[in-house]
Amino acid sequence: MRILHLSDTHLYGDPAARHYDRIDTAAALRGLLARCQDVPDLDAIIHTGDASDDGSAASYRLLHEILEPFAAAKDAELVVAMGNHDDSAVYGETIALGDRGTTVQDRVVPLPGGRRVIVLDTSVPGAGYGHLEPEQLAWLREVLAEPSMAGTVLALHHPPLAAATPLLRALELDGVDELAGVLEGSDVQVVLAGHYHHEMTGQIAGIPVHVVPGVTNVVDPVTAGEREQARALTGVSLVELGAGAPRVITSVLPHAGDTLADQNLPVYDFGPEQVAAIVQAAGR
C-alpha cells in the first residue's frame, strides 16, 4: 500500500489571491503534482487539511479540479480532511457531506487490498486549534469496533503531538488523551496529519504519527530561534504500509508558486508581538 500524503494547500477562490501576498498556492500544488508524476503504484492521495485558505466553494472546486485528474491517472483514491482554515459546511455543500449525514467531514474511505482511511474533522469554526466532539469520538469507537481486513489509516489535520514552536502550541489538538483511549488496541496502522507545515513524527497509543510539510510553505521549527518563520518551499511524503512498521519518505522541494522566486527570503517572519496577536485571535 502506497499513499501520497500532502497537506496545507491553502487554495483561494480568487485566482489573483496570494498567500502572504506572495505565494500562488494553485501553482504550488500544480508544481508539486508535476514533480510527482513519475511516482508509481499509488493507492491513495491523502490531503490532511487546510485545503482552502478562504473556505470558499470556488476553492474546493479548484482543489478537486486539480487533484481528481491526478488521482484518476494514478488509479488512486482521493481523500480530503478539513483543517482550521477550511469551512466544513461549505465543503459539504460543494463536494460531499460527511458519513454521518452532516457537514462535519468525518468519513470512512475504503482502499484497495482491504484497508481503509478514517477521516476526522478537527476544525473549529473561527479558531486555529483543533478539537474533537464527544460524538465524533463515539463514532470513531464504533467504526473501529469492526477492524478492517488489512488495517486502517487515520487522517486528520491537527496532529495528536505536542507542537515544536510557541505559536503552534497554541494551535494544537485538544483531547489527545481521549483520542488515544479510543485508538488503543485498534487496527490503526498510522496517523497522518498536517497543520504544522513541517515534518514531525511521534506516536499516539503506540501508533506511528506522521506530519507532512506544507505544500504552500514549510515552517522552520529548528533554526528560527524565538521567531516563527516559514520558507517558500513545498513538501510531500510517500507512506508505504506493509506487514511491518510504516515507511515514510519525504521530499522538500523548491517552490513552484513563489512569485518572488527567493528561497532565502522567509514567507513570513513573526516576532513575539505578532505571535501573541495570532494566538489571541485564533488560539485558546
Side-chain angles (χ1 to χ4, degrees), residues 5 7-8 10 46-53 55 79-92 98-100 102-108 117-144 152-186 188 190-214 219 221 228 270 275-284:
H5 178 202
S7 193
D8 296 274
H10 291 271
I46 299 183
H47 187 313
T48 50
D50 278 1
S52 171
D53 196 80
V79 182
V80 179
M82 293 286 96
N84 51 288
H85 283 271
D86 287 307
D87 189 318
S88 299
V90 174
Y91 187 90
D99 276 5
R100 292 184 289 128
T102 71
T103 56
V104 176
Q105 291 297 309
D106 299 332
R107 66 179 72 251
V108 180
V117 182
I118 299 177
V119 181
L120 285 179
D121 186 343
T122 57
S123 65
V124 178
Y129 61 89
H131 180 76
L132 292 168
E133 294 291 342
E135 55 264 33
Q136 292 179 278
L137 293 173
W139 173 82
L140 176 62
R141 188 184 298 277
E142 183 178 346
V143 171
L144 291 175
T152 295
V153 176
L154 179 63
L156 72 176
H157 182 64
H158 295 82
L161 300 175
T165 73
L167 173 58
L168 292 172
R169 280 195 289 274
L171 306 177
E172 289 175 339
L173 177 66
D174 286 343
V176 172
D177 289 345
E178 288 80 358
L179 176 59
V182 176
L183 296 179
E184 187 75 43
S186 73
V188 175
V190 66
V191 178
L192 303 182
H195 186 51
Y196 289 165
H197 281 245
H198 64 81
E199 188 174 27
M200 193 175 193
T201 60
Q203 291 189 349
I204 179 172
I207 301 164
V209 177
H210 174 67
V211 183
V212 68
V219 163
E228 298 274 347
F270 297 150
V275 169
I278 295 169
V279 169
Q280 184 175 11
R284 295 177 188 82

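Quick caveat, the model's predicted, so the values are computed rather than measured. Side chains are part of it too, since the values below use all heavy atoms of this structure and drop only hydrogens, waters and symmetry mates.
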- Among Thr152, Val153, Val182, the one residue meeting side-chain contact (heavy atoms from CB on, under 4.5 Å) with Val188: Thr152

So which heavy atom on [X] is nearest to which on [Y], and how close?
X      : Y      : answer
Pro160 : Ile204 : CB-CD1, 3.6 Å
Ser7   : Gly194 : OG-CA, 3.4 Å
Phe270 : Ile278 : CE1-CD1, 3.5 Å
Ala193 : His157 : CB-O, 3.7 Å
Arg107 : Trp139 : N-CH2, 3.6 Å

Sub-4.5 Å side-chain heavy-atom contact between [X] and [Y]:
X      : Y      : value
Leu168 : Met200 : no
Leu179 : Leu120 : yes
Val104 : Ser88  : no
His195 : Pro159 : yes
Ser52  : Asp87  : no
Leu173 : Leu156 : yes

- Test side-chain contact (heavy atoms from CB on, under 4.5 Å) applied to Ser186 and Leu140, step by step: CA-CA 11 Å; Ser186 73; Leu140 176 62; over 6 Å; no

Do the side chain of [X] and the main chain of [Y] share a donor and acceptor less than 3.5 angstrom apart?
X      : Y      : answer
Asp8   : Asp50  : no
Glu228 : Leu167 : yes
Asp121 : Asp106 : no
Tyr196 : Leu161 : yes

- So how far is it from Leu192 CG to Ile46 CD1, rounded to the nearest 0.5 Å? 5.0 Å

- Roughly how far, to the nearest 0.5 Å, is the CZ atom of Arg141 from the CD atom of Gln136? 14.0 Å

- Can you pull the salt bridge (charged side-chain N to carboxylate O under 4.0 Å, His left out) pairs that have at least one residue in residues 157-180, sequence neighbours excluded?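 Those involving residues 157-180 are Asp174-Arg284.
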
- Item | Intermediate values then yes/no, side-chain hydrogen bond (donor to acceptor under 3.5 Å, both in side chains), Asp86 and Ser123 | CA-CA 7 Å; Asp86 287 307; Ser123 65; over 6 Å; no

- Task: Check the angle between the aromatic planes of His5 and His210 and answer parallel, tilted or perpendicular using the 30° and 60° thresholds.
- Result: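 Aromatic pair His5/His210 classed perpendicular.
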
- Item | Test side chain to side chain donor-acceptor pair (under 3.5 Å) applied to His158 - qualifying residues, sequence neighbours left out |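 Result, side chain to side chain donor-acceptor pair (under 3.5 Å) vs His158: Thr122.
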
- Task: Please test Ile118 against Leu144 for side-chain contact (heavy atoms from CB on, under 4.5 Å), starting from the C-alpha separation and ending with a verdict.
- Result: CA-CA 9 Å; Ile118 299 177; Leu144 291 175; 3.6 Å; yes

